[in-house]
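First up is the structure itself, then whatever we jot down about it.
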Amino acid sequence: MSDSELLAQIKKDPSAFRELFRLYYKPIFGYIFRRTGNFDDTADIASETFLKAFKAIPNFIDKGISVKIWLYRIATNEVNQYFRYQKKYVKLFERGSMSDPELFDSYLYEDRQVLEKELAHHQQFLSVLENLKTLPVKYQEVIALRYFEGKDNAEISIILEMKEGTLKSLLSRGLEKLKIKCNPVYDGRF
Amino acid sequence: MMEDFEKMLSELSRPVVGELRHQEMLAEELIKQKAKQAVSFWWLLIPIFVLCMFVIKTFYRKTSLSLEIRAFHEKQPFLAAFLFIAIPAFLIVLNSFKAKRNMLSIGLIILSLFILIFYLMSCYV
(Lines give C-alpha, C1' and ligand atoms only; values in the text may rest on other atoms or scores of the structure.)
Protein backbone atom coordinates (compact mmCIF):
# COMPACT_ATOMS: atom_id res chain seq x y z
CA MET A 1 0.00 0.00 0.00
CA SER A 2 1.42 3.39 -0.98
CA ASP A 3 1.58 6.36 1.39
CA SER A 4 -1.30 8.17 -0.29
CA GLU A 5 -3.45 5.00 -0.22
CA LEU A 6 -2.67 4.55 3.46
CA LEU A 7 -3.57 8.16 4.27
CA ALA A 8 -6.81 7.88 2.28
CA GLN A 9 -7.60 4.69 4.18
CA ILE A 10 -6.98 6.42 7.54
CA LYS A 11 -9.24 9.32 6.53
CA LYS A 12 -12.01 6.83 5.84
CA ASP A 13 -11.31 4.53 8.74
CA PRO A 14 -9.17 5.92 11.60
CA SER A 15 -8.39 2.42 12.85
CA ALA A 16 -6.12 2.06 9.78
CA PHE A 17 -3.76 4.33 11.72
CA ARG A 18 -2.45 1.09 13.27
CA GLU A 19 -0.73 0.33 9.97
CA LEU A 20 1.01 3.72 9.83
CA PHE A 21 2.03 3.23 13.44
CA ARG A 22 3.36 -0.26 12.69
CA LEU A 23 5.44 1.03 9.79
CA TYR A 24 6.90 4.18 11.28
CA TYR A 25 6.74 4.16 15.09
CA LYS A 26 10.03 2.32 15.55
CA PRO A 27 12.18 4.47 13.22
CA ILE A 28 10.71 7.70 14.60
CA PHE A 29 11.10 6.48 18.18
CA GLY A 30 14.72 5.59 17.37
CA TYR A 31 15.38 9.02 15.92
CA ILE A 32 13.98 10.77 18.99
CA PHE A 33 15.86 8.41 21.29
CA ARG A 34 19.14 9.13 19.52
CA ARG A 35 18.51 12.85 19.91
CA THR A 36 17.47 12.90 23.57
CA GLY A 37 19.24 9.83 24.95
CA ASN A 38 16.41 9.50 27.44
CA PHE A 39 13.74 6.79 27.26
CA ASP A 40 10.94 8.52 29.17
CA ASP A 41 11.23 11.78 27.25
CA THR A 42 11.42 9.82 24.00
CA ALA A 43 8.23 7.93 24.82
CA ASP A 44 6.41 11.19 25.54
CA ILE A 45 7.72 13.01 22.48
CA ALA A 46 7.03 10.03 20.20
CA SER A 47 3.45 9.70 21.42
CA GLU A 48 2.93 13.45 20.97
CA THR A 49 4.42 13.25 17.47
CA PHE A 50 2.04 10.50 16.39
CA LEU A 51 -0.96 12.12 18.05
CA LYS A 52 -0.22 15.35 16.15
CA ALA A 53 0.24 13.43 12.92
CA PHE A 54 -3.01 11.55 13.48
CA LYS A 55 -4.89 14.81 14.06
CA ALA A 56 -3.29 16.42 10.99
CA ILE A 57 -4.03 13.56 8.58
CA PRO A 58 -7.50 14.87 7.54
CA ASN A 59 -5.82 18.12 6.48
CA PHE A 60 -2.67 16.52 5.06
CA ILE A 61 -2.13 17.78 1.54
CA ASP A 62 0.12 15.59 -0.56
CA LYS A 63 3.07 17.82 -1.50
CA GLY A 64 5.10 14.95 -2.83
CA ILE A 65 6.84 14.17 0.44
CA SER A 66 6.69 10.74 1.98
CA VAL A 67 4.87 10.05 5.23
CA LYS A 68 8.17 9.06 6.81
CA ILE A 69 9.74 12.43 5.95
CA TRP A 70 6.60 14.18 7.21
CA LEU A 71 6.82 12.27 10.50
CA TYR A 72 10.52 13.13 10.79
CA ARG A 73 9.53 16.77 10.35
CA ILE A 74 6.91 16.64 13.13
CA ALA A 75 9.28 14.70 15.39
CA THR A 76 12.08 17.21 14.76
CA ASN A 77 9.81 20.10 15.72
CA GLU A 78 8.74 18.30 18.87
CA VAL A 79 12.33 17.49 19.87
CA ASN A 80 13.38 21.08 19.16
CA GLN A 81 10.57 22.36 21.38
CA TYR A 82 11.75 19.96 24.06
CA PHE A 83 15.29 21.34 23.87
CA ARG A 84 14.34 24.98 23.46
CA TYR A 85 11.79 25.24 26.21
CA GLN A 86 12.41 22.05 28.13
CA LYS A 87 8.73 21.56 27.34
CA LYS A 88 7.13 19.20 29.77
CA TYR A 89 4.68 17.00 27.96
CA VAL A 90 1.51 15.95 29.64
CA LYS A 91 2.08 12.26 29.65
CA LEU A 92 -0.20 10.45 27.28
CA PHE A 93 -0.21 7.51 29.63
CA GLU A 94 -1.68 9.65 32.38
CA ARG A 95 -4.12 11.49 30.14
CA GLY A 96 -5.71 8.47 28.61
CA SER A 97 -7.83 5.86 30.21
CA MET A 98 -5.71 2.88 29.28
CA SER A 99 -7.59 -0.38 29.14
CA ASP A 100 -4.82 -1.98 31.19
CA PRO A 101 -2.44 0.65 32.61
CA GLU A 102 -0.45 -1.87 34.65
CA LEU A 103 0.27 -3.98 31.58
CA PHE A 104 1.23 -0.88 29.64
CA ASP A 105 3.57 0.24 32.44
CA SER A 106 5.18 -3.17 32.50
CA TYR A 107 5.75 -3.01 28.72
CA LEU A 108 7.28 0.45 29.10
CA TYR A 109 9.48 -0.79 31.91
CA GLU A 110 10.75 -3.66 29.76
CA ASP A 111 11.39 -1.37 26.80
CA ARG A 112 13.22 1.09 29.05
CA GLN A 113 15.47 -1.65 30.43
CA VAL A 114 16.37 -2.88 26.95
CA LEU A 115 17.07 0.58 25.53
CA GLU A 116 19.05 1.81 28.52
CA LYS A 117 21.23 -1.29 28.19
CA GLU A 118 21.57 -0.63 24.46
CA LEU A 119 22.55 2.98 25.13
CA ALA A 120 25.15 1.92 27.66
CA HIS A 121 26.86 -0.15 24.96
CA HIS A 122 27.50 3.01 22.96
CA GLN A 123 29.57 5.18 25.28
CA GLN A 124 31.26 7.03 22.44
CA PHE A 125 27.90 7.93 20.96
CA LEU A 126 26.75 9.10 24.40
CA SER A 127 29.77 11.39 24.79
CA VAL A 128 29.15 12.95 21.40
CA LEU A 129 25.43 13.28 22.13
CA GLU A 130 26.06 15.00 25.46
CA ASN A 131 28.31 17.52 23.69
CA LEU A 132 25.87 17.93 20.83
CA LYS A 133 23.07 18.75 23.29
CA THR A 134 25.04 21.77 24.50
CA LEU A 135 24.93 23.31 21.00
CA PRO A 136 22.05 25.45 19.71
CA VAL A 137 19.14 23.42 18.37
CA LYS A 138 19.75 24.53 14.75
CA TYR A 139 23.10 22.68 14.80
CA GLN A 140 21.78 19.71 16.75
CA GLU A 141 19.08 18.91 14.23
CA VAL A 142 21.30 18.96 11.15
CA ILE A 143 24.12 16.98 12.75
CA ALA A 144 21.76 14.40 14.23
CA LEU A 145 19.94 13.88 10.95
CA ARG A 146 23.20 13.68 8.98
CA TYR A 147 25.37 11.55 11.25
CA PHE A 148 22.99 9.72 13.60
CA GLU A 149 20.26 9.00 11.06
CA GLY A 150 22.47 8.81 7.96
CA LYS A 151 20.23 11.11 5.92
CA ASP A 152 21.72 12.84 2.90
CA ASN A 153 21.59 16.59 2.37
CA ALA A 154 18.63 16.43 0.00
CA GLU A 155 16.51 14.53 2.55
CA ILE A 156 17.54 16.79 5.44
CA SER A 157 16.68 19.91 3.49
CA ILE A 158 13.19 18.50 2.84
CA ILE A 159 12.70 17.49 6.47
CA LEU A 160 13.87 20.86 7.78
CA GLU A 161 12.36 22.85 4.91
CA MET A 162 15.60 24.72 4.22
CA LYS A 163 17.80 25.31 1.20
CA GLU A 164 20.75 22.97 0.71
CA GLY A 165 23.17 25.91 0.83
CA THR A 166 21.88 26.96 4.25
CA LEU A 167 22.04 23.36 5.39
CA LYS A 168 25.65 22.96 4.28
CA SER A 169 26.78 26.08 6.09
CA LEU A 170 24.89 25.03 9.25
CA LEU A 171 26.49 21.58 9.07
CA SER A 172 29.95 23.01 8.60
CA ARG A 173 29.64 25.53 11.45
CA GLY A 174 27.94 22.95 13.68
CA LEU A 175 30.69 20.41 13.10
CA GLU A 176 33.36 22.94 13.98
CA LYS A 177 31.57 23.77 17.22
CA LEU A 178 31.00 20.11 18.04
CA LYS A 179 34.63 19.25 17.36
CA ILE A 180 35.75 21.90 19.81
CA LYS A 181 33.31 20.57 22.41
CA CYS A 182 34.44 16.99 21.79
CA ASN A 183 38.14 17.78 21.94
CA PRO A 184 38.67 16.63 25.49
CA VAL A 185 36.96 13.35 24.55
CA TYR A 186 38.05 13.00 20.94
CA ASP A 187 41.74 12.32 20.49
CA GLY A 188 41.46 11.17 16.89
CA ARG A 189 41.20 7.49 17.75
CA PHE A 190 37.70 6.75 19.13
CA MET B 1 41.47 17.02 10.94
CA MET B 2 37.88 18.02 10.23
CA GLU B 3 37.66 15.13 7.74
CA ASP B 4 38.80 12.72 10.46
CA PHE B 5 36.17 14.06 12.80
CA GLU B 6 33.45 13.71 10.17
CA LYS B 7 34.64 10.18 9.40
CA MET B 8 34.52 9.33 13.10
CA LEU B 9 30.94 10.66 13.33
CA SER B 10 29.87 8.69 10.26
CA GLU B 11 31.34 5.48 11.62
CA LEU B 12 30.12 6.01 15.18
CA SER B 13 28.13 3.01 16.38
CA ARG B 14 24.65 4.14 17.38
CA PRO B 15 22.00 2.65 19.64
CA VAL B 16 19.38 0.79 17.64
CA VAL B 17 15.75 0.45 18.68
CA GLY B 18 14.44 -3.10 18.39
CA GLU B 19 10.95 -4.38 19.11
CA LEU B 20 8.96 -2.06 21.35
CA ARG B 21 6.46 -3.90 23.50
CA HIS B 22 4.39 -0.83 24.33
CA GLN B 23 3.88 0.05 20.66
CA GLU B 24 0.65 -1.80 20.02
CA MET B 25 -1.11 -0.58 23.17
CA LEU B 26 -0.05 2.99 22.45
CA ALA B 27 -1.50 2.79 18.94
CA GLU B 28 -4.82 1.63 20.40
CA GLU B 29 -4.74 4.45 22.93
CA LEU B 30 -4.09 7.10 20.26
CA ILE B 31 -6.96 5.79 18.13
CA LYS B 32 -9.21 5.87 21.20
CA GLN B 33 -8.14 9.43 22.08
CA LYS B 34 -8.73 10.66 18.54
CA ALA B 35 -12.22 9.15 18.52
CA LYS B 36 -12.98 10.80 21.87
CA GLN B 37 -11.83 14.20 20.56
CA ALA B 38 -13.97 13.85 17.44
CA VAL B 39 -17.04 13.14 19.54
CA SER B 40 -16.35 15.88 22.07
CA PHE B 41 -16.28 18.53 19.31
CA TRP B 42 -20.00 18.05 18.72
CA TRP B 43 -20.73 18.94 22.32
CA LEU B 44 -19.48 22.44 21.53
CA LEU B 45 -22.60 22.98 19.45
CA ILE B 46 -24.70 22.98 22.62
CA PRO B 47 -23.04 26.05 24.22
CA ILE B 48 -23.01 27.78 20.81
CA PHE B 49 -26.74 27.18 20.50
CA VAL B 50 -27.37 28.42 24.05
CA LEU B 51 -25.24 31.50 23.40
CA CYS B 52 -27.23 32.30 20.25
CA MET B 53 -30.44 31.98 22.23
CA PHE B 54 -29.15 34.40 24.84
CA VAL B 55 -28.15 36.90 22.16
CA ILE B 56 -31.65 36.77 20.70
CA LYS B 57 -33.29 36.91 24.13
CA THR B 58 -31.43 40.10 25.04
CA PHE B 59 -32.99 41.85 22.06
CA TYR B 60 -36.49 40.47 22.18
CA ARG B 61 -38.58 38.23 24.41
CA LYS B 62 -41.31 36.07 22.97
CA THR B 63 -42.31 32.49 23.24
CA SER B 64 -41.26 30.73 20.07
CA LEU B 65 -37.88 30.74 18.41
CA SER B 66 -39.38 31.44 15.00
CA LEU B 67 -41.31 34.46 16.30
CA GLU B 68 -38.28 35.69 18.17
CA ILE B 69 -36.17 35.55 15.05
CA ARG B 70 -38.85 37.36 13.06
CA ALA B 71 -39.13 40.06 15.74
CA PHE B 72 -35.37 40.34 15.92
CA HIS B 73 -35.31 40.70 12.14
CA GLU B 74 -37.87 43.52 12.28
CA LYS B 75 -36.08 45.30 15.10
CA GLN B 76 -32.52 44.86 13.84
CA PRO B 77 -32.71 43.99 10.11
CA PHE B 78 -29.04 44.55 9.30
CA LEU B 79 -27.69 42.76 12.35
CA ALA B 80 -30.13 39.87 11.74
CA ALA B 81 -29.10 39.62 8.10
CA PHE B 82 -25.46 39.67 9.12
CA LEU B 83 -25.90 36.98 11.79
CA PHE B 84 -28.30 34.70 9.95
CA ILE B 85 -27.41 35.21 6.28
CA ALA B 86 -23.92 36.65 5.86
CA ILE B 87 -22.10 34.52 8.45
CA PRO B 88 -23.79 31.20 7.53
CA ALA B 89 -23.32 31.91 3.80
CA PHE B 90 -19.65 32.74 4.39
CA LEU B 91 -19.15 29.52 6.37
CA ILE B 92 -20.90 27.46 3.68
CA VAL B 93 -18.77 28.91 0.88
CA LEU B 94 -15.55 28.66 2.90
CA ASN B 95 -16.10 25.04 3.86
CA SER B 96 -17.44 23.97 0.48
CA PHE B 97 -14.29 25.08 -1.32
CA LYS B 98 -11.85 23.67 1.20
CA ALA B 99 -9.41 21.32 -0.52
CA LYS B 100 -9.75 18.73 2.20
CA ARG B 101 -13.14 18.50 3.85
CA ASN B 102 -13.35 16.84 7.21
CA MET B 103 -16.10 16.19 9.75
CA LEU B 104 -15.74 19.71 11.15
CA SER B 105 -16.25 21.43 7.79
CA ILE B 106 -19.19 19.18 6.87
CA GLY B 107 -20.75 19.85 10.28
CA LEU B 108 -20.35 23.59 9.82
CA ILE B 109 -21.95 23.46 6.35
CA ILE B 110 -24.97 21.56 7.71
CA LEU B 111 -25.32 23.85 10.74
CA SER B 112 -24.99 27.01 8.62
CA LEU B 113 -27.54 25.74 6.10
CA PHE B 114 -29.95 24.93 8.91
CA ILE B 115 -29.59 28.42 10.44
CA LEU B 116 -29.98 30.11 7.05
CA ILE B 117 -33.09 28.15 6.05
CA PHE B 118 -34.66 28.55 9.48
CA TYR B 119 -34.11 32.31 9.36
CA LEU B 120 -35.54 32.66 5.84
CA MET B 121 -38.56 30.56 6.73
CA SER B 122 -39.17 32.49 9.96
CA CYS B 123 -39.00 35.88 8.28
CA TYR B 124 -40.25 35.43 4.77
CA VAL B 125 -42.65 32.47 4.75
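- Between Y72(A) and Y31(A), the ring planes lie tilted relative to each other; the angle falls in the 30° to 60° range.
- Heavy-atom distances place both the backbone and the side chain of R18(A) under 4.5 Å from chain B.
- Neither the backbone nor the side chain of L20(A) comes within less than 4.5 Å of any heavy atom in chain B.
- D13(A) and S15(A) share a donor-acceptor pair across their side chains, judged by distance under 3.5 Å alone.
- Chain B forms more heavy-atom pairs under 4.5 Å with one residue of F148(A), F50(A), F125(A), F17(A) than with any other, namely F125(A).
- Under the 30°/60° scheme for interplanar angles, the aromatic rings of Y119(B) and F84(B) are found to lie parallel.
- Y147(A) and E6(B) are linked by a side-chain donor-acceptor pair at a separation below 3.5 angstrom, with hydrogens and angles left out of the test.
- Contacts of E11(B) with chain A are absent, with no heavy-atom separation under 4.5 Å from either backbone or side chain.
- Linking Ile, Leu, Val, Met, Phe, Trp and Tyr whenever their side-chain heavy atoms come within less than 4.5 Å leaves L126(A) and V114(A) in two separate clusters.
- When heavy atoms are compared at a cutoff of 4.5 Å, L115(A) approaches chain B solely by way of its side chain, counted from C-beta outward.
- Neither the backbone nor the side chain of E24(B) comes within contact range of chain A, judged by heavy atoms closer than 4.5 Å.
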